[in-house]
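Note on naming: letters A, B, ... go to the chains in the order of the sequence lines (proteins, then strands), and numbering restarts at 1 for each one. The structure displayed is predicted, hence computed values, not measured ones.
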Number of protein chains: 2
Amino acid sequence: MISHPRSEYRQTADVIRRRIESGDYSRGHTLPREDLLAAELGVNRATVNRALRILAAEGLVQATRGKGTEVTRLSPIERAVPFRYSHQARHRDDGRGAFDAEVAARGMTPHSEVTVSRASPPGTVTAVFGADPGAAVAVVRSRRMYADDVPVQLADSYIPLDIAGGTALETGDTGPGGMLSRLADLGHAQVRMSERVTTRPPFPDEAEFLNLTGDHRVYAITHVGWDAAGLAVEVCMHVMPAHLWVLEYSWPVD
Amino acid sequence: MISHPRSEYRQTADVIRRRIESGDYSRGHTLPREDLLAAELGVNRATVNRALRILAAEGLVQATRGKGTEVTRLSPIERAVPFRYSHQARHRDDGRGAFDAEVAARGMTPHSEVTVSRASPPGTVTAVFGADPGAAVAVVRSRRMYADDVPVQLADSYIPLDIAGGTALETGDTGPGGMLSRLADLGHAQVRMSERVTTRPPFPDEAEFLNLTGDHRVYAITHVGWDAAGLAVEVCMHVMPAHLWVLEYSWPVD
DNA sequence: GAGTGGTCTAGACCACAGA
DNA sequence: CTGTGGTCTAGACCACTCG
């Protein structure tokens, strides 16, 4: 099944996209009503609606029932890995995490909320912890992150209870150097990390928090940190709108 | 704009998805015609069509005008980085590249076609080569890759002409150890690599080759290799259907 | 209550696959 | 030529925002 570039709704999307990119409709501006656009472009409103769905899925606009369709293009945020976990980054500015620096680098104001609890990790996470009996229950650090008050990421960190229980990892603020340093203090310095990147539609709760539709895609990243003993000491599930992020990986050869 | 899970077309998609996952409709099987599904489920054909679009975008089915809608779920292929560029992987089996191993690991048969030419690289690539005057023209190695004859990846490698011109890099087969080893032979051993991962709808030519629609997403990965002198010696643009691949990155801490 | 997008239906016609 | 999905239209009603 091939993309048919000639269909009217695609052409309509192209017209509107060009108007946005040329500045006819600028950031924060509300587009004309769908029926007016339809009349102007000589197509049915359903066609305009379908065209706007494409642009919404690309993150160019955001439609709200009852209000209108607003231009929302944000320049994507860069997430540099493994730099964000490096010693250098951790001590760049104590107390601020990698996320804060990433958002600030884009000229936006970061903000995040942390919730700490204890729970049984989901299956994907227990699979990583393996047979470790101390990980049947984990300390969960859930973060909701914003850039200029726009929600841009969800992250749930799981640390086995027998490692994190009753430690500074169960407090809201993990202090200088963050979780990585606290785990090191506890004798679980991480020597190796991995990330598994996938893309999928958002789950309903994710869609609600991140303000997405089923047409959007999120990066679902499973981040794992291992200590010198080969034990998985932290698993973190990141979920972020794919159109808002660029992932940068860098490594030495061999 | 929130995902409204109650809309009929989403529920219809859920019903059909469940039938696929439960095996009612199995891999390679053709679904009932849209009008029959519509009649069975008590909705309009347009609703079924919209539901099938969702499943197609997820890579679960593939619709072909004139033929029908087929179940096509493939288990995703794992691309392990930086392992695929490591000395170990390069010598695992001489003559077979990382892609071949990745596909074989999924029990499928890899196949690829290479075209070698000379051309001016696109802007995104020249930006990486920077002011390097020897890179105004580059040797381009274009690969089209298949798993069980299904197209699964496009990759265009650019090497500055003053490095690759007239060398083994302009031949179809780069020999044992591949391009990396040939570049090393030429005095440009790579010491550092980076990848920049983004997600977007496919371009028309990509959609045609990879059999995608505008609802699909591809990973667009810019891979760069630097030699000891800090010169970018190879830039490769990978394009692959996002639902067919999982990206695995791994690195030592600090 | 008015404004605006989200969804659904019925009907029609087109484009492409395949006999 | 027939089968099947892709798209478009006209019209309708619903759901949510905001004054």
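If A/Gly66 and A/Asn49 are placed on DNA chain C by their nearest nucleotide, the residue sitting closer to the 5' end is A/Gly66. Closest-nucleotide positions on DNA chain C for B/Ala46 and A/Leu52 were compared, and the one nearer the 5' end corresponds to A/Leu52.
A search for salt bridge (Lys or Arg N to Asp or Glu O under 4.0 Å) contacts involving A/Glu170 returns A/Arg118, not counting sequence neighbours. Annotation: salt bridge (Lys or Arg N to Asp or Glu O under 4.0 Å) contacts of B/Asp156 (sequence neighbours excluded): none. A/Arg106 is linked by a salt bridge (Lys or Arg N to Asp or Glu O under 4.0 Å) to A/Glu78, counting only residues two or more places apart in sequence or in another chain.
Computed from coordinates, the B/Ile54 CD1 to C/dG6 C1' distance equals 13 Å when rounded to whole Å. What separates CD of B/Glu8 from C1' of C/dG6 is a distance of 13 Å, to the nearest Å. One atom, CD1 of A/Ile16, and another, P of C/dG5, lie 11 Å apart when rounded to the nearest Å. A/Gln62 places its CD atom 16 Å from the P atom of D/dC16, with the value rounded to the nearest Å. The nearest whole Å value for the distance from the CG atom in A/Asp215 to the C1' atom in C/dT7 is 13 Å. When rounded to the nearest whole Å, the span between OH of A/Tyr9 and P of C/dC14 equals 19 Å. The separation between A/Leu212 atom CG and C/dG6 atom P is 14 Å, rounded to whole Å. Here D/dG5 presents its C1' atom at 19 Å from CZ of A/Arg6, a figure rounded to the nearest Å.
Sorted by first and then second residue, the salt bridge (Lys or Arg N to Asp or Glu O under 4.0 Å) pairs with a member in residues 139-153 of chain B form an empty list; sequence neighbours excluded.
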Using atom types as modelled, flag every donor-acceptor pair under 3.5 Å from a side chain in residues 31-44 of chain B to any protein atom, sequence neighbours excluded.
from: B/Arg33; atom 1: NH1; to: B/Asp35; atom 2: OD1; distance (Å): 3.4
from: B/Arg33; atom 1: NH1; to: B/Asp35; atom 2: OD2; distance (Å): 3.0
from: B/Glu34; atom 1: OE1; to: B/Arg45; atom 2: NH1; distance (Å): 2.8
from: B/Glu34; atom 1: OE1; to: B/Asn49; atom 2: ND2; distance (Å): 3.3
from: B/Glu34; atom 1: OE2; to: B/Asn49; atom 2: ND2; distance (Å): 3.1
from: B/Glu40; atom 1: OE1; to: B/Arg19; atom 2: NH1; distance (Å): 3.3
from: B/Glu40; atom 1: OE2; to: B/Arg19; atom 2: NH1; distance (Å): 3.3
from: B/Glu40; atom 1: OE2; to: B/Arg19; atom 2: NH2; distance (Å): 2.6
from: B/Asn44; atom 1: OD1; to: B/Ala46; atom 2: N; distance (Å): 2.8

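Between D/dT7 and A/Thr47, no contact under 4.0 Å exists linking OP1 or OP2 to a side-chain N or O. Contact check, A/Asn44 against D/dC8: no side-chain N or O comes under 4.0 Å of OP1 or OP2. Applying the 4.0 Å criterion to OP1 and OP2 of C/dG18, one finds that B/Lys67 has a side-chain N or O inside that range. Regarding contacts with the backbone of C/dT7, a side-chain N or O of B/Arg10 is found under 4.0 angstrom from either OP1 or OP2.
With respect to B/Arg196 and A/Glu248, a salt bridge is recorded, a charged nitrogen being found less than 4.0 Å from a carboxylate O. For the pair A/Glu58 and A/Arg17, the salt-bridge criterion is met [side-chain N within less than 4.0 Å of a carboxylate O].
On a pure distance criterion of 3.5 Å, a polar donor-acceptor pair joins the side chain of A/Arg45 and the base of C/dG6.
Checking C/dG6, D/dT7, C/dA17 against the side-chain heavy atoms of B/Thr64 singles out C/dA17 as nearest.
Of the residues in residues 29-43 of chain B, those lying under 4.0 Å from DNA chain C by heavy-atom distance are B/Val43.
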